[in-house]
Protein chains: 2
Amino acid sequence: MYELILAHIARHVTLDKQEQDAFCAALQHRKLRRRQYLLQEGDICRHDHFVIKGGLRQYEVDADGRENVMQFGFEDWWISDWYSMLTNTPTVYNIEALEDTEVLQIERIKLEQLFITMPKLERYMRIIMLNAFVALQRRVLFMQKPSAERYAEFLRRYAHVEQRVAQQHVASYLGITRETLSRLRSQMIKQRGEKL
Amino acid sequence: MYELILAHIARHVTLDKQEQDAFCAALQHRKLRRRQYLLQEGDICRHDHFVIKGGLRQYEVDADGRENVMQFGFEDWWISDWYSMLTNTPTVYNIEALEDTEVLQIERIKLEQLFITMPKLERYMRIIMLNAFVALQRRVLFMQKPSAERYAEFLRRYAHVEQRVAQQHVASYLGITRETLSRLRSQMIKQRGEKL
DNA sequence: ACTATTTTTTACCAAATGTCACAGGTCCCG
DNA sequence: CGGGACCTGTGACATTTGGTAAAAAATAGT
């Protein structure tokens with residue numbers, strides 16, 4: 001059960017056996033069925049979650065009642081609302097399971113305690129957050145390009161994700177309507193046909 | 001010279017006199033004239049910079065040769081490329097002074113040393129980064145709205161900035177062309193006239 | 001104060017995207 | 001097996017935004 005997460009950590013810092021055990025002891029296993037929620041608007045987010053099976057989407061509902069996807073979370077991803085978690089304020093996000101899903105979650109408090117006794121873990125988390133930050137910066141810059149390029153980039157970077165989530169959610173992530181995405185796709189298929 | 005930055009820190013954590021002095025001793029004062037660069041594409045970013053006077057813009061140049069503004073930095077803001085700084089890799093950003101500008105900069109290494117002896121400082125920096133992260137999330141969600149709303153939100157949140165930077169840079173920040181921004185502005189003026 | 005340069009505004013047209021409506025398909029559950 | 005909920009594809013049309021070019025306005029630097 002802990003293989004995935006330990007391997008993920010090992011990619012960034014080296015924990016000895018004892019540290020690994022201490023970390024895993026703080027984790028809690030949680031199962032969600034498709035369409036169940038890990039977090040809902042108004043909740044205070046008390047955990048960070050690492051996905052070991054399945055997938056989720058994190059979205060907010062805007063003033064017009066539209067759902068805007070902030071990010072997806074599949075195997076090997078951390079997903080949570082860090083702002084709500086670190087400031088103890090109600091979240092604006094919903095995190096819903098797109099498939100039957102399993103996560104390992106850790107309470108904020110336990111995580112902070114571990115940071116003190118295990119600075120390497122803090123280093124790991126800082127790297128994770130930095131990567132998330134950079135990914136957001138890239139996304140902001142990509143939003144400035146035409147939707148066809150955004151979709152192409154999405155396919156390149158998240159090919160496996162695209163297979164598993166409904167197109168309307170991909171569209172929302174890309175900041176376009178499902179109709180536009182559907183048209184982009186049929187154009188791409190047409191072009192491929194011409195080239196063959 | 002250190003008033004602004006100490007006040008900024010005091011808003012988040014409490015340092016005693018000795019800690020304040022230790023921190024200030026690590027800072028370096030740097031002046032830039034309008035159009036000078038604090039950082040250029042390809043450089044490795046070795047400092048974090050706190051603006052005490054003037055203003056800057058951080059932008060990348062994309063494959064089509066367009067400049068896309070990632071963020072502005074005016075008084076009381078930290079500005080830097082954390083990714084380049086923390087991973088020692090060349091940056092993709094340029095940071096240019098929009099006015100005659102003064103910053104206090106601190107080397108990454110010194111900052112990390114201070115984190116060890118002064119955990120409160122690390123806490124402060126984590127809060128700063130968290131705020132930057134949340135601002136980026138908000139921006140991604142706002143990119144999904146029509147440009148008029150984006151501009152209105154920008155005016156609400158950064159009214160003082162809008163006064164000081166060229167409209168083409170605001171447009172770039174918002175992800176629209178300067179022509180579109182210009183048209184938005186004239187429409188808004190017209191509407192105001194009608195309401196009066 | 002004057003010129004050179006940069007920035008903003010405007011008009012016209014083209015392209016991209018959104019909205020609305022409906023049809024067809026799939027999947028789940030009773 | 002059938003009905004309902006959900007998802008995708010498509011067409012007609014409206015709206016938004018971009019591209020280009022030229023003029024007007026603002027600004028910097030001497």
Side-chain angles (χ1 to χ4, degrees), chain A residues 33-36 55 57 59 62-69 72 96-100 142-155 161-193, chain B residues 32-36 54-55 57 59 62-69 72 96-101 141-155 161-193:
Chain A
R33 304 200 50 201
R34 185 173 144 84
R35 295 197 192 223
Q36 271 192 307
R57 71 190 244 261
Y59 67 93
D62 69 18
D64 305 324
R66 292 169 204 262
E67 298 181 354
N68 299 109
V69 173
F72 296 110
E96 180 201 29
L98 298 169
E99 320 170 353
D100 291 350
F142 256 98
M143 285 299 235
Q144 323 230 356
K145 317 221 152 173
S147 57
E149 283 180 54
R150 296 214 291 279
Y151 182 51
E153 169 72 7
F154 181 81
L155 286 181
V161 172
E162 205 267 345
Q163 308 295 333
R164 286 166 72 176
V165 313
Q167 288 182 19
Q168 54 182 333
H169 297 146
V170 174
S172 171
Y173 180 90
L174 295 174
I176 57 180
T177 60
R178 20 203 171 117
E179 291 91 340
T180 297
L181 179 58
S182 176
R183 274 165 210 141
L184 283 178
R185 287 165 57 83
S186 57
Q187 280 171 25
M188 286 170 70
I189 290 168
K190 219 190 294 172
Q191 285 193 355
R192 250 179 237 168
Chain B
L32 291 173
R33 305 199 50 201
R34 186 173 144 84
R35 290 188 201 235
Q36 273 192 305
R57 70 189 243 263
Y59 66 92
D62 68 19
D64 306 325
R66 293 168 203 259
E67 298 181 355
N68 299 109
V69 173
F72 296 110
E96 180 201 30
L98 298 169
E99 321 170 354
D100 292 350
T101 297
L141 293 178
F142 257 99
M143 286 298 232
Q144 323 229 354
K145 317 218 152 178
S147 56
E149 282 179 56
R150 297 214 290 276
Y151 182 51
E153 169 71 8
F154 182 81
L155 286 180
V161 172
E162 204 267 346
Q163 309 294 332
R164 286 167 73 178
V165 313
Q167 287 182 20
Q168 54 182 332
H169 297 147
V170 175
S172 171
Y173 180 90
L174 295 174
I176 58 181
T177 60
R178 5 176 188 173
E179 291 89 342
T180 297
L181 179 58
S182 176
R183 284 183 277 251
L184 283 179
R185 286 165 58 83
S186 58
Q187 281 171 23
M188 286 170 70
I189 291 168
K190 217 190 296 171
Q191 286 193 354
R192 251 179 237 167

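Chain letters run A, B, ... following the sequence lines, proteins first and then strands; every chain starts at 1. Remember, predicted model here, so these are calculated numbers, not experimental data.
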Quiz item: Among side-chain atoms of R185(B) and Q167(B), is any donor-acceptor pair under 3.5 angstrom?
Solution: yes
Self-check item: Contact nearer the 5' end of DNA chain C, comparing H169(B) with S147(A)
Solution: H169(B)
Exercise. Nearest whole angstrom, please: distance from the P of dT17(C) to the CE of M143(B).
Key: 14 Å
Quiz item: Quick one: are Y151(B) and M188(B) in side-chain contact, heavy atoms under 4.5 Å?
Solution: yes
Self-check item: Whichever of R34(B) and A148(A) has its nearest DNA chain C nucleotide further upstream toward 5'
Solution: R34(B)
Quiz item: Taking only side-chain nitrogens and oxygens of S186(B), does any of them come within less than 4.0 Å of OP1 or OP2 of dT9(C)?
Solution: no
Quiz item: More than 12 heavy atoms of other residues, nucleotides or ligands under 6.0 Å from CZ of R66(B): is that the case?
Solution: no
Quiz item: Which whole-number value in Å describes the distance from N68(A) CG to dG18(C) P?
Solution: 12 Å
Quiz item: Between NZ of K145(B) and CD of E153(B), what distance do you get to the nearest 0.5 Å?
Solution: 8.5 Å
Quiz prompt | Interatomic distance, R35(A) CZ vs dC6(D) P [rounded to whole Å] | solution = 7 Å
Quiz prompt | Between dT8(C) (P) and R185(B) (CZ): distance, integer Å | solution = 8 Å
Practice problem: Considering just the side-chain nitrogens and oxygens of S182(A), establish if one lies under 4.0 Å of OP1 or OP2 belonging to dG9(D). | Solution: yes
Exercise. Indicate, with a heavy-atom threshold strictly under 4.0 Å, whether R66(A) touches base, sugar-phosphate, or nothing.
Key: sugar-phosphate
Quiz item: Which part of the nucleic acid, if any, lies within contact of I176(A), taking any heavy atom under 4.0 Å across all strands shown: a base, the sugar-phosphate backbone alone, or nothing?
Solution: sugar-phosphate
Quiz item: Can you find a side chain N or O atom of T177(B) that sits less than 4.0 Å from OP1 or OP2 on dT17(D)?
Solution: no
Quiz item: Within this structure, what is the CG-to-P distance between L184(A) and dG9(D), rounded to whole angstrom?
Solution: 11 Å
Quiz item: With a cut-off of 6.0 Å (strictly less than), are more than 12 heavy atoms of other residues, nucleotides or ligands near CZ of R34(A)?
Solution: no
Quiz item: Is the base of dT19(C) touched by the side chain of R183(A) through a donor-acceptor pair closer than 3.5 angstrom?
Solution: yes
Quiz item: Tell me: CZ of R33(A) to C1' of dC28(C), nearest whole Å?
Solution: 12 Å
Exercise. Output yes when at least one side-chain N/O atom of Q167(A) is less than 4.0 Å from OP1 or OP2 of dG9(D), else no.
Key: yes
Self-check item: d(CD, E179(B); P, dA21(D)) in whole Å
Solution: 12 Å
Quiz item: To the nearest angstrom, how far is L98(B) atom CG from dT27(D) atom C1'?
Solution: 15 Å
